[in-house]
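Everything below concerns the one structure shown next.
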There are 2 protein chains.
Amino acid sequence: MGRLQSFDRTSVVQAARDLFWDKGFDAASLADLEEATGLKRSSIYHAFGSKRGLFDAAVEDYQGTVIRPRLRILTGPGIGRVSLLAYFDDLRWAVSALPEDSPRRGCLLVNCAAGLAGRDDLARQVVDGYRSELTDTLQDALRAAAVAAGDSGPDRAPERARTLASLGMSAMLLARVNAAESLALLDTATVQIRYWFPGSA
Amino acid sequence: MGRLQSFDRTSVVQAARDLFWDKGFDAASLADLEEATGLKRSSIYHAFGSKRGLFDAAVEDYQGTVIRPRLRILTGPGIGRVSLLAYFDDLRWAVSALPEDSPRRGCLLVNCAAGLAGRDDLARQVVDGYRSELTDTLQDALRAAAVAAGDSGPDRAPERARTLASLGMSAMLLARVNAAESLALLDTATVQIRYWFPGSA
DNA sequence: TATATTGTGTACTGAGCGATACACAAAACC
DNA sequence: GGTTTTGTGTATCGCTCAGTACACAATATA
């Protein structure tokens with residue numbers, strides 16, 4: 001054995017994550033990453049191998065700490081109408097709670113879709129995995145809501161799931177361009193859900 | 001007077017446009033631009049002032065040759081249900097007609113939203129202008145369709161316009177990640193339109 | 001044809017990039 | 001405590017970037 005790591009890996013990865021979230025992979029320089037993480041580049045390269053290695057770790061953290069907890073709302077208690085509304089409410093909170101210039105505006109993976117994913121197969125797979133997981137989870141919740149509402153008509157869940165996923169992704173896309181319109185898109189999602197599944201609230 | 005420009009400005013701008021469309025502002029280098037346009041950098045700087053100047057010219061061309069002609073479908077003959085379906089049909093054609101590795105996949109402005117627009121106010125304004133023009137135009141067509149259908153209920157045009165704009169933008173976002181899913185989103189839009197305004201086709 | 005004006009080609013600049021070499025520091029094991 | 005193993009700091013690498021200096025080419029005007 002030898003010397004031990006003197007930094008907390010998680011907090012370093014999350015500092016890098018926030019920087020990538022803010023500026024994207026290309027625009028985040030190693031100098032920026034040194035400043036954000038407090039590490040010298042030798043330590044970064046020793047621990048993560050490359051800028052890309054650190055980015056991949058940041059994406060993994062993002063999935064674990066941002067994406068999955070959010071998706072869990074959809075599958076959690078009240079799966080169906082309630083969980084769908086809670087999901088978009090959570091998204092709405094995330095967009096409106098952050099200051100206009102917060103580094104965490106929007107979605108790291110959505111930004112990635114328009115950038116890295118255009119020329120990097122791995123990034124493309126990650127983004128598409130997120131998309132399909134979101135759509136599938138929305139679809140399950142929509143089916144549960146339809147069952148609870150006694151809806152016995154044709155299965156509209158696939159197209160409704162695509163519509164809701166689309167509203168969520170667009171809202172993330174617009175979060176850094178026009179926060180008010182981003183919120184309007186999320187409100188549109190809840191309006192749709194209430195329209196499909198009329199209820200008390 | 002002096003020597004005359006020996007190149008066709010429009011074709012140069014469009015070559016640059018396609019490169020920016022493909023790689024984005026940052027990833028498109030001046031060496032790439034020289035190769036794509038056939039111009040040496042002295043000529044580029046003489047004619048456009050800077051890389052950004054060429055980019056702005058490219059965006060302007062993009063709006064004039066891609067965005068506006070497409071929006072004109074929505075306001076043109078058959079405004080309402082027909083024009084809405086034609087619009088998404090045109091978008092669908094654009095996504096499916098291009099080869100998997102075409103430089104023109106997706107939308108220059110949508111890519112810009114996740115990249116440049118995050119740190120550049122001018123780019124942000126252009127992107128938001130596009131968004132609002134798209135939404136407004138969709139809303140007009142939706143109102144026309146509602147009138148034609150004799151729909152006298154509450155005005156659902158605003159939320160429907162947001163939903164359709166969202167589907168269009170998401171489809172552009174996903175065009176480079178998963179073309180099949182991009183098409184599925186566009187199909188979802190036409191399904192919605194047909195659902196809102198039942199008709200013969 | 002002489003001159004003024006403008007476009008083009010070549011060669012280069014300084015700055016910033018990701019990545020690395022290597023000496024040194026520190027902790028676990030014998 | 002000496003040795004081995006591993007983390008950290010400094011200094012720098014080679015490269016690419018956007019942008020520029022300047023000579024030369026070409027054409028409209030006088």
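First the proteins, then the strands, lettered A, B, ... as listed; each starts at 1. All values below were derived from every heavy atom in this structure, side-chain atoms included, with hydrogens, water molecules and symmetry-related copies excluded. As the structure is a prediction and not an experimental result, all values here were calculated from the model.
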Inset, instruction - Working to the nearest 0.5 Å, report the span between CG of Leu74(A) and OG of Ser83(A). - result: 5.0 Å
Legend entry - DNA chain C-proximal residues of residues 114-121 of chain B, any heavy atom under 4.0 Å: none
Inset, instruction - Report yes or no: do Asp32(B) and Ser29(B) form a side-chain donor-acceptor pair below 3.5 Å? - result: yes
Legend entry - Exceeds 12 heavy-atom contacts within 6.0 angstrom, atom CD of Glu35(B): no
Legend entry - Arg162(B) (side chain) donor-acceptor with Leu186(A) (main chain) under 3.5 angstrom: no
Inset, instruction - Quick one: which residue pairs count as a ring-ring contact (aromatic ring centres under 6.0 Å, His included) with a foot in residues 77-126 of chain B, not counting sequence neighbours? - result: none
Legend entry - Gap between atoms NE2 and P, on His46(A) and dA25(C) respectively (whole Å): 17 Å
Inset, instruction - Please state how far atom CZ in Phe48(A) lies from atom C1' in dG18(C), giving the value in whole angstrom units. - result: 16 Å
Inset, instruction - Evaluate whether atom CD of Gln5(B) has more than 12 neighbouring non-hydrogen atoms of other residues, nucleotides or ligands under 6.0 angstrom away. - result: yes
Legend entry - Rounded distance (Å) that lies between atom C1' of dT10(D) and atom CD1 of Ile44(A): 15 Å
Inset, instruction - Return the value, rounded to whole Å, for the distance between atom NZ of Lys51(A) and atom P of dG16(C). - result: 15 Å
Legend entry - Note: Asp22(A)-Arg176(A) ion pair, threshold 4.0 Å (strictly below): yes
Legend entry - Phe7(A) CZ to dT6(D) P, straight-line distance once rounded to whole Å: 15 Å
Legend entry - Cationic tip of Arg119(B) above Phe25(B) ring, under 6.0 Å, 45° of axis: no
Legend entry - Charged tip of Arg160(A) within 45° of Phe197(A) ring normal and under 6.0 Å: yes
Legend entry - d(CZ, Arg52(A); C1', dC17(C)) in whole Å: 17 Å
Inset, instruction - Starting at atom OH of Tyr45(B), determine the distance to atom C1' of dT20(D), rounded to an integer number of angstrom. - result: 9 Å
Inset, instruction - Under 4.0 Å from any atom of DNA chain C, heavy atoms only: list the residues of residues 16-43 of chain A that qualify, in numerical order. - result: Ala28(A), Ser29(A), Leu30(A), Arg41(A)
Inset, instruction - Grab the CD-C1' distance between Gln5(B) and dG7(C) for me, whole Å please. - result: 8 Å
